[in-house]
Amino acid sequence: MTTLKTYTVTISGTEREDGEEPYTWAVSALNEADAIWRAKNIHADNNECDRSELQVEEIFEGLPDKDCGYHWNDHRSV
């Protein structure tokens, strides 16, 4: 059985051109590339946009700190 890790991925779409903040997603994934793929799919589905328009702003293993100062969306598998 493969163990998934928790990654936090911050993604911006074309809304960044309107001054909107990027979205941050916590996902369960095999590695960074898998986490980016999963987060881009979630972002595209939730914002009805094309995956090709999305940019990864930040990625790291684990969850954001409790006092990170921004909202993040938990989409980890249970």
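These values consider heavy atoms only, across backbone and side chains, with no hydrogens, waters or symmetry-generated copies.
Remark: Glu57 CD is packed, more than 12 non-hydrogen atoms of other residues, nucleotides or ligands lying under 6.0 Å away. For Trp72, the CH2 atom is densely surrounded, since the number of other residues' heavy atoms within 6.0 Å is greater than 12. More than 12 heavy atoms of other shown residues, nucleotides or ligands fall within 6.0 angstrom of atom CD in Glu17.
Contact record, Pro64 with Thr8: CD-OG1, 3.3 Å, taken as the closest heavy-atom pair. Across all their heavy atoms, Glu53 and Arg16 have their closest contact at O-NH1, 3.4 Å. Closest non-hydrogen pair, Ile59 versus Glu32, comes out as CD1-O, 3.6 Å.
Ile11 places none of its side-chain heavy atoms less than 4.5 Å from the side chain of Gln55. Looking only at side-chain heavy atoms (C-beta outward), Thr6 and Glu61 stay at 4.5 Å or farther from each other. When side chains are defined from C-beta on, Thr14 does not count as touching Cys49, because their heavy atoms never get closer than 4.5 Å. Side-chain atoms of Thr10 and Pro22, non-hydrogen and from C-beta on, do get closer than 4.5 Å to each other. With a 4.5 Å cut-off on side-chain heavy atoms, Glu21 and Tyr70 do not count as touching.
Cluster annotation: Trp25 and Leu4 are assigned to distinct hydrophobic clusters (Ile/Leu/Val/Met/Phe/Trp/Tyr, side-chain heavy-atom contacts under 4.5 Å, transitive). Transitive grouping of hydrophobic side chains (ILVMFWY, heavy atoms separated by less than 4.5 Å) brings Val9 and Ile42 into a common cluster.
Here the side chain of Ser77 pairs no donor or acceptor atom with the backbone of Ser28 at under 3.5 angstrom. Counting only distance, with no hydrogens or angles, the side chain of Asp74 and the backbone of Arg76 share a donor-acceptor pair below 3.5 Å. Arg38 places no side-chain N or O within donor-acceptor distance of the main-chain N or O of Ala35, the cut-off being under 3.5 Å.
Asn31 and Tyr7 form no side-chain donor-acceptor contact under 3.5 Å, judged by distance and modelled atom types alone. A side-chain donor from one of His71 and Asn73 sits under 3.5 Å from a side-chain acceptor of the other.
Under the salt bridge (charged side-chain N to carboxylate O under 4.0 Å, His left out) criterion, Asp18 pairs with no residue at all, not counting sequence neighbours.
Between the CD1 atom in Ile36 and the NE2 atom in His43 there is a gap of 14.0 Å [rounded to 0.5 Å]. Rounding to the nearest 0.5 Å gives a distance of 6.0 Å between CD of Glu15 and CG of Asn47.
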